[in-house]
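Below is one structure, written out as structure tokens, with a few remarks after it.
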Amino acid sequence: MMNVGMLWLDDAKNRSIAEKVERAAAYYQQKYGKVPDYCLVSEESITEVLTIGQVQVHPAKNIRPEHFWIGINQG
């Protein structure tokens with residue numbers, strides 16, 4: 001579970017979900033000095049939990065397409 005995170009928008013059609021999550025994670029680490037390990041994405045993007053690098057990526061109903069809520073798992 002994640003209560004605090006960074007919302008990332010990546011609507012580039014030529015990038016895969018993995019590339020988008022990796023870019024968001026790199027920016028998060030640069031900005032906050034911590035490695036993210038949790039990300040929520042639209043159910044339209046994925047239907048099952050994925051692991052991309054160190055980040056567990058979960059589908060969520062409340063995330064808009066092309067948006068990524070990324071941060072650190074707190075539970």
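By the salt bridge (charged side-chain N to carboxylate O under 4.0 Å, His left out) test, Arg15 pairs with Asp10, sequence neighbours left out. The side-chain contact (heavy atoms from CB on, under 4.5 Å) test applied to Asn3 returns Met1, Gln74, not counting sequence neighbours. Remark: Ala18 engages Ser16, Ile52 in a side-chain contact (heavy atoms from CB on, under 4.5 Å) (not counting sequence neighbours).
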Identify all side-chain donor-acceptor contacts of residues 53-69 below 3.5 Å with residues at least two apart in sequence or on another chain.
| unit_1 | atom_1 | unit_2 | atom_2 | d |
| --- | --- | --- | --- | --- |
| Gln56 | OE1 | His58 | NE2 | 3.3 |
| Glu66 | OE1 | Lys20 | NZ | 2.7 |
| His67 | ND1 | Pro65 | O | 3.0 |

Going by atom type alone, with no hydrogens or angles, which donor-acceptor pairs under 3.5 Å involve a side-chain atom of residues 27-51 and a protein atom two or more places apart or on another chain?
| unit_1 | atom_1 | unit_2 | atom_2 | d |
| --- | --- | --- | --- | --- |
| Asp37 | OD1 | Asn73 | N | 2.7 |
| Ser42 | OG | Glu44 | N | 3.0 |

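Cluster annotation: Met6 and Val21 are assigned to the same hydrophobic cluster (Ile/Leu/Val/Met/Phe/Trp/Tyr, side-chain heavy-atom contacts under 4.5 Å, transitive).
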